Amino acid sequence: MTTASAFHFESLVWDWPIAVYLFLIGISAGLVVLAVLMRRYYPNAAGSDSTIMRVTLVLAPSTIILGLLILILHLTRPWTFWKLMFHYSPTSVMSMGVMLFQVYMAVLVVWLAKIYEKEVIALQQKWLPKLTLIPRLLAMLNRAIRTLDIAMLVLGVLLGAYTGFLLSALKSYPFLNNPILPALFLFSGISSGLAVCLMTIALRYRKNIHNQETTFLHKVEGFVVWLELFLLAAFFIGLALGDDGKLRSLVAALGGGFWTWWFWIGVIGVGFVIPLALKKWQQNSSQAFRVLIVSGASLIGVFFLRFFVLYAGQLTVA
């Protein structure tokens, strides 16, 4: 397969905008999961001034909105997308995903508003002084903040896994019809959230990047990276032990050609080897550029993984 035909072949149904969509949704889910865990285990460092919380405030809603916008524009008839928001089908993965997005965004807005309650009230008093309902509603959530945290954690996990379920539901593609895919996409999404947070901390605290937030992120990172590698290995072992269709899809993906090189150089080399090899080099220094290099490589690796799974997964039809 040549580079020119790697992105255009007969069995291709979903192309590169879907890969970008999956990447953006993974970042949003990963940030929310990390923010909730930070609030649970390091509550003193998870206030409104926390870098992780600020990144979540900005990127968790914006990435999912951008991702959904890309998905809508990619539809055959984008002007009819609103019908998906009101007509649900329990047998459709796409329909259940729309419902999940709606619940996720609604709870996310309430959760972030409660965390940034002082800032929200200050804006309300400045621009809408007569709208006293907002402070009263936020005050009513005082007893429900722990429930909101749990709800956001569950929704973040579901959203991260949903991106994998969306692809694994394509039963005609044996490579994608794999039960490991939702877990792999969930933890690769958390990995992308980790990379974004570490890069933002490095840019914010250029000369003092070692704090409670980075300590928390590095603890989670060690677990997530090795689990992600395990899931990736389990994914391919499942294909190798599968039927003829799965074996053919494995050979098509890793048996040579453009996507084989994409996987070994982009996903494994950039996404795993570079961050693991330079981990000590990064942590033993307070220099921000080292964090940007290592975390940037990890983020690029997740991006490459989304493209690899999407395109290599459509090379073989059952």
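Quantities reported herein were computed from a predicted structural model and do not represent experimental measurements.
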Tell me which donor-acceptor pairs under 3.5 Å the side chains of residues 33-46 have, and how far apart each pair is, sequence neighbours excluded?
| unit_1 | atom_1 | unit_2 | atom_2 | d |
| --- | --- | --- | --- | --- |
| Arg39 | NE | Asp149 | OD1 | 3.1 |
| Arg39 | NE | Asp149 | OD2 | 3.4 |
| Arg39 | NH2 | Asp149 | OD2 | 3.4 |
| Tyr42 | OH | Lys219 | NZ | 3.2 |

Can you check whether Phe7 and Trp259 have ring centres sitting under 6.0 Å from each other? yes

pair Ser191-Ser298: side-chain heavy atoms closer than 4.5 Å: yes

For the pair Tyr173 (side chain) and Leu315 (backbone), establish whether a donor and an acceptor sit closer than 3.5 Å, ignoring hydrogens and angles. no

So do Trp16 and Leu310 actually touch side chain to side chain, heavy atoms under 4.5 Å? no

Can you tell if the side chain of Leu100 reaches within under 4.5 Å of the side chain of Met96, non-hydrogen atoms only? no

For the residue pair Phe308 and Phe263, does the interplanar ring angle fall in the parallel (under 30°), tilted (30 to 60°) or perpendicular (over 60°) class? tilted

Enumerate, atom names and distances included, each donor-acceptor pair closer than 3.5 Å involving a side-chain atom of residues 136-147, sequence neighbours excluded.
| unit_1 | atom_1 | unit_2 | atom_2 | d |
| --- | --- | --- | --- | --- |
| Arg136 | NH1 | Thr132 | OG1 | 3.1 |
| Asn142 | OD1 | Lys114 | NZ | 2.3 |
| Asn142 | ND2 | Ala139 | O | 3.0 |

Taking side-chain contact (heavy atoms from CB on, under 4.5 Å) as the criterion, tell me which of Leu167, Leu305, Ile70, Leu71 meets it with Leu22. Leu167

Will you find, in the side chains of Thr316 and Arg248, an N or O donor that is under 3.5 Å from an N or O acceptor? no

Examine Tyr162 together with Phe101 and report whether their ring centres are nearer than 6.0 Å. yes

Distance-only polar pair, side chains of His74 and Asp15, donor-acceptor under 3.5 Å: yes

Which label fits Phe258 and Trp262: parallel for a plane angle under 30°, tilted from 30 to 60°, or perpendicular past 60°? tilted

No-hydrogen, no-angle side-chain donor-acceptor test under 3.5 Å, Arg306 and Thr163: no

Regarding Asp49 and Lys118, does a basic nitrogen lie under 4.0 Å from an acidic carboxylate oxygen? no

Between the side chains of Thr214 and Tyr205, is a donor N or O closer than 3.5 angstrom to an acceptor N or O? no

Of all residues at least two apart in sequence or in a different chain, which pass the ring pair (Phe, Tyr, Trp, His ring centres under 6.0 Å) check with Trp14? none

